[in-house]
Amino acid sequence: MKRETLIWTIVVVLSGIFLLWRGTLGGGMGRQYVKDVPQKFAVIADTDEDGNPIETYVNLRTEDALDYDVSNPIEILEWTVSEQAEYVDYYKAEQEAAENGIAQTEYRLSISRTIGIWVAAFFTLAILSFLYKDNPFYKLAEAIVVGVSAAYWMVVAFWDQLIQNLVASLFPDAVRATVLPGLDAGASVDFMFIVPLMLGVMLLWRLSPVGGWVSRWPMAFMIGVFMGIRLTAFIHADFLSQIRNTIEPLVVMTTDAQGGQSLDILQCIRNLIVVLGVLACIVYFFFSIEHKGVVGKTARVGIWFLMVTFGAAFGYTVMGRIALLSIRFEFLFDDWLWLIDPTESRPEAIGGLIFGLF
């Protein structure tokens, strides 16, 4: 057996022993508890802004119910939802129930959420295993993440775009009677949505063995519209805003509480640096004149400004990635292993005392 394989085998075995200890004798880990919260809604007859009759659902367990007349509702709807609860609440409820000699029914262990914690921990470790080398666990996690993400956004696009926008605009009555009962009762047929319907059908023509060129027309239309919208947004958000932020006064006066004016030295220096930095960067990209003498020195100053800008942008990106990594480590140590307890949600758990001593 190779030394590398032996080392990782020992790491895996020790990790398995540690997880077994944490799950049995070490104070528990990776459990999620929920609390059953009853819901009660009253369905009352109401009208919209145009005077059309509609049905309004009023939550009787909130203060909003005082704004409605719920004395004669059409129907009363009651059900129970499960809300996430902290371990400390479950622990205290268990202690009180044991002291009173009764069974505790307010809080309970959520099997589905607990399984979700363990699945998330597995995929997190599988992705991090790429730091060792490419392996089947990483490939499995990568494929599942990509597939689930694509499926999720496909479902979101189907309900939010295709059904709610396209189909609901062409067949509002049928959609209201089947999949979207909360659709506006005053919605009427909008024949303008026939155009995106035709473009969508033409786009699917790519799947046909004959006439695949038809799909190029809607694709070209979408790309052109998207580029036009993005170009306009880019000009306003980046190009024009940068020009506007560069045009700064070099002499800035401030007014004190007594009404007197004085020179704001720091603001003047800041505006001067911005203007000189922009001009130096522009000189660097001016290639019609050889970069020698004053022009060359100015161009080198522009290079320094560019390097500082690129370094700040890169540092910001790295800090963002480090923040994401920190969140994943916090999930592993807090939500899964119960080794830390920053929110003091498990003060009675043994795991919360390991780092709490410090």
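F331 CZ: more than 12 foreign heavy atoms inside a 6.0 Å radius. Counting non-hydrogen atoms of other residues, nucleotides and ligands closer than 6.0 Å to CE of M227 gives a total of 12 or fewer. Heavy atoms from other residues, nucleotides or ligands lying under 6.0 Å from CE of M307 number more than 12. Residue-environment remark: CZ (F239) stays at or below the threshold of 12 foreign heavy atoms within 6.0 Å. Dense packing is recorded around CZ of F287, with more than 12 heavy atoms of other residues, nucleotides or ligands lying under 6.0 Å away. Summarising the local packing, CZ of F137 is surrounded by 12 or fewer heavy atoms from other residues, nucleotides or ligands at distances under 6.0 Å. Within 6.0 Å of the CZ atom in F122, the count of heavy atoms belonging to other residues, nucleotides or ligands exceeds 12.
Between Q104 and Y90, some side-chain heavy-atom pair lies under the 4.5 Å cut-off. Using a 4.5 Å cut-off on side-chain heavy atoms (C-beta onward), V167 and V179 make no contact. Residues V295 and E290 form no side-chain contact, since every pair of their non-hydrogen atoms from C-beta on lies 4.5 Å or further apart. Residues S215 and L204 form no side-chain contact, since every pair of their non-hydrogen atoms from C-beta on lies 4.5 Å or further apart. R113 has its side chain within reach of V34: a pair of non-hydrogen atoms, C-beta onward, lies under 4.5 Å apart. Two residues are said to be in side-chain contact when any heavy atoms from C-beta on lie closer than 4.5 Å; L276 and F305 fail this criterion. Contact check for V195 versus F221: no side-chain heavy atoms found under the 4.5 Å cut-off. For the pair M222 and F226, the minimum side-chain heavy-atom distance is 4.5 Å or more.
Criterion: ILVMFWY side-chain heavy atoms under 4.5 Å apart, direct or through other members. Under it, M198 and V214 are not part of a common hydrophobic cluster. Under the 4.5 Å side-chain heavy-atom criterion for grouping Ile, Leu, Val, Met, Phe, Trp and Tyr, I111 is connected to Y33 within one hydrophobic cluster. Both L203 and I223 sit in one connected hydrophobic cluster of ILVMFWY residues. Membership requires side-chain heavy atoms under 4.5 Å apart, directly or through other members. L332 and V145 fall into different hydrophobic clusters, where Ile, Leu, Val, Met, Phe, Trp and Tyr are joined by side-chain heavy atoms under 4.5 Å apart, directly or via other members. Tracing side-chain contacts under 4.5 Å through hydrophobic residues (I, L, V, M, F, W, Y), one never reaches V308 starting from V274; they form parts of separate clusters.
Under the side-chain contact (heavy atoms from CB on, under 4.5 Å) test applied with C268, the options I273, L250, L263 reduce to a single match, L263.
With values rounded to the nearest 0.5 angstrom, R216 atom CZ is found 6.5 Å from R206 atom CZ. For the atom pair T254 OG1 and L266 CG, the distance stands at 10.5 Å (nearest 0.5 Å). Atom CG in D341 sits 8.5 Å away from atom CD in E86 (nearest 0.5 Å). Taking CD1 from I44 and OH from Y57, the interatomic distance works out to 11.5 Å, rounded to the nearest 0.5 Å. Taking CD from E96 and NZ from K92, the interatomic distance works out to 8.5 Å, rounded to the nearest 0.5 Å. The structure places CG of D334 at 9.5 Å from CG of L339, a figure rounded to the nearest 0.5 Å.
Here D36 pairs with R108 under the salt bridge (charged side-chain N to carboxylate O under 4.0 Å, His left out) rule; sequence neighbours left out. The ring-ring contact (aromatic ring centres under 6.0 Å, His included) check on F234 picks up nothing, with sequence neighbours excluded. Among residues two or more places apart in sequence or in another chain, the ring-ring contact (aromatic ring centres under 6.0 Å, His included) test is passed with W79 by F41. Remark: Q261 engages no residue in a side chain to side chain donor-acceptor pair (under 3.5 Å) (not counting sequence neighbours).
In terms of modelled atom types and a separation under 3.5 Å, the side chain of E83 and the main chain of A85 share no donor-acceptor contact. Side-chain atoms of W205 come within 3.5 Å of backbone N or O of V210 as a donor-acceptor pair.
In this structure, E142 and I127 approach most closely via the heavy-atom pair N-CD1, 4.2 Å. Of all heavy-atom pairs spanning Q32 and L109, the tightest one is O-CD1, 3.3 Å. Between A141 and A126, the closest heavy-atom pair is CB-CB, 3.7 Å. A pairwise comparison of heavy atoms in A42 and P73 identifies CB-CB, 4.1 Å as the closest pair. In terms of heavy atoms, L77 sits closest to E75 at CD2-OE2, 3.3 Å. The two residues W338 and R31 come nearest to each other via the heavy atoms CZ2-O, 3.5 Å.
Checked for salt-bridge contact, R176 and D173 meet the test: a charged N lies under 4.0 Å from a carboxylate O.
Listed by first and then second residue, the side chain to side chain donor-acceptor pair (under 3.5 Å) pairs that reach into residues 223-245 come to none, sequence neighbours excluded. A side chain to side chain donor-acceptor pair (under 3.5 Å) check over residues 298-314, counting only residues at least two apart or in different chains, returns nothing.
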Hey, mind stepping through L170 and V175 against side chain to side chain contact (heavy atoms under 4.5 Å, CB included) and telling me if it holds? CA-CA 9 Å; L170 294 176; V175 172; over 6 Å; no
Please determine whether side chain to side chain contact (heavy atoms under 4.5 Å, CB included) holds for the pair L19 and M29, giving the CA-CA distance in whole Å, both sets of side-chain angles, and the decisive distance to 0.1 Å. CA-CA 9 Å; L19 293 178; M29 57 179 288; 3.7 Å; yes
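The aromatic rings of F329 and F333 sit parallel, their planes meeting at an angle under 30°, below the 60° perpendicular limit.
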